[in-house]
Each structure stands twice: as C-alpha cells, then as structure tokens.
Amino acid sequence: MAGGVWPHAVMEPHRGALVAQVVARRLAVAMAEQELSANALARKSGVNRQVIANVLNGEVWPDMVTLVDLEGALGVMLWPQHATWRIPAPGEAPDGVTDEML
C-alpha cells in the first residue's frame, strides 16, 4: 500500500493487489447490504469464516473457488472488470478503482 487504510488505501502499482482490493470492498458492501456476518456468510457459502475475515482485512487474496462460492451465496459479482485498467504510478490512485464501481 502506498497510503491509507485497506480496503480504501492507495495501492502500489500491482494489478493483482488492485483486484484484491476491489473484491474486498465489494464483499464488505454486499455483506452489509444483506446484513450478513462472516459467520452467516460462511454457513451460506461453505467458505471458512476466517477466510472471509482474512479477505476482508486484505490478509489473503481469495482463490477462484472461494470467489465463486462467495459470489454464488451473495448473488453478486465480486470480481471487477479489470482487464483495461491502467496500472498507476506509485502513490497514484488507479483509474477505474473507485467507490462508484461498487
């Protein structure tokens, strides 16, 4: 991270980190909108509660199976349309990674 607090921090220029950040933000929003705790989402998705907490905290990046299970349980897409994102310079906010995209 170049500055700030996860998952709203300015990230170093690394596409994987930017995608993980958006996934964590979308996951947090979806859980809040559906009033789901990590325990409730774990029961609904089959994903371990600690894995969910770790994704939300930026401690791990979810694998594809975890992501698909979370998306299926929540009924929302967590994976962003990132293929055309320009990688930002160090300390620069990335194009396309905004709160509006949530």
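In what follows, every heavy atom counts, from backbone to side chain, and hydrogens, waters and symmetry copies are set aside. What you see is a predicted model, and the numbers here were worked out from it, not measured in a lab.
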How far apart are the closest heavy atoms of [X] and [Y], and which atoms are they?
| X | Y | answer |
| --- | --- | --- |
| L78 | V23 | O-CG2, 3.5 Å |
| L74 | Q34 | O-NE2, 2.8 Å |
| A24 | V55 | CB-O, 3.5 Å |

Which residues share a side chain to side chain donor-acceptor pair (under 3.5 Å) with N54, sequence neighbours left out:
Q50
Answer yes or no: is there a side-chain heavy-atom contact under 4.5 Å between V47 and L41?
no
Would you call L56 and I52 a side-chain contact if the rule is heavy atoms closer than 4.5 Å?
yes
Out of curiosity, [X] [atom1] to [Y] [atom2], how far, rounded to the nearest 0.5 Å?
| X | Y | atom1 | atom2 | value |
| --- | --- | --- | --- | --- |
| S45 | L67 | OG | CG | 11.5 Å |
| S37 | R43 | OG | CZ | 6.0 Å |
| M31 | L70 | CE | CG | 9.0 Å |

Residues forming a side-chain contact (heavy atoms from CB on, under 4.5 Å) with R49, sequence neighbours excluded:
A38, N39, A42, A53
When hydrophobic residues are tied together by side-chain contacts of less than 4.5 Å, even through go-betweens, does V68 share a cluster with W61?
no
Once side chain to side chain donor-acceptor pair (under 3.5 Å) is applied, what residue pairs with a partner in residues 62-78 remain, sequence neighbours excluded?
D63-T66
